[in-house]
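Whatever order the structure lists them in is the order used to number ligands and atoms, beginning at 1. The shown structure was predicted, so the numbers you read here are calculated from the model rather than taken from an experiment.
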Amino acid sequence: MSAQVEPLSTKEIEDRLAELPGWSVDGDLLRRRYAFDGHLPAAVMVIHIAQIQEELGHHADLTLSYNRLGIAVNTHSIGGRITRLDFGLARRIEEIAPSHGAR
Ligand SMILES: C[C@H](O)[C@H](O)[C@H]1CNC2=NC(N)=NC(=O)C2=N1
């Protein structure tokens, strides 16, 4: 069992958001929406994110539309608060986004 992760403070969240343009906090969710040139690149990015999520053991809610992808994540194990695990996943998603033509 890993140690329980702590919710981030408002200040900690603001500092981390400043380094992640395009991401925002909506209640207790860390969110971003991406747009693509078509459906297939968006669907391929879903699979790539799924691989990262399995590697990290941390999973966002992914909403695939035609050429849009919505991402919403928090940490279920502490009752749905934003933690470093959520920002860790967000940073990994940002790293791969350009290679999928996400904007
Ligand atoms: C055992 C496994 O790592 C846990 O159930 C993970 C899986 N993915 C998860 N994803 C998210 N978003 N929050 C969690 O608390 C969480 N817990």
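- Within the listing of ligand 1, atoms 3 (O), 6 (C), 7 (C), 8 (N), 9 (C) sit less than 4.0 angstrom from a heavy atom of Gly57.
- To the nearest 0.5 Å, the span separating CD1 on Ile52 from CD1 on Ile93 amounts to 6.5 Å.
- One N or O on the side chain of Asp86 and one on the backbone of Thr83 form a donor-acceptor pair closer than 3.5 Å.
- Taking 4.5 Å as the limit, some side-chain heavy atom of Glu94 sits within range of a side-chain heavy atom of Tyr34.
- Identified under the side chain to side chain donor-acceptor pair (under 3.5 Å) test for residues 35-56, with sequence neighbours left out: Asp37-Arg103, His48-His100, Glu54-His59, Glu55-Arg92.
- When each atom of ligand 1 is checked for a heavy atom of Thr75 under 4.0 Å away, the hits are 13 (N), 15 (O).
- Residue contacts with ligand 1 for Asn74 involve N, CA, C or O but no side-chain atom from C-beta outward (heavy atoms, distance under 4.0 Å).
- The minimum heavy-atom distance between Arg81 and Asn74, with the atom names listed, is O-CB, 3.5 Å.
- Under the 4.0 angstrom criterion, atom 7 (C) of ligand 1 counts as having a protein heavy-atom contact.
- The shortest N or O to N or O distance between His76 and ligand 1 is under 3.5 Å.
- Looking at Gln53, His59, Glu54, it is His59 that brings a heavy atom closest to atom 10 (N) of ligand 1.
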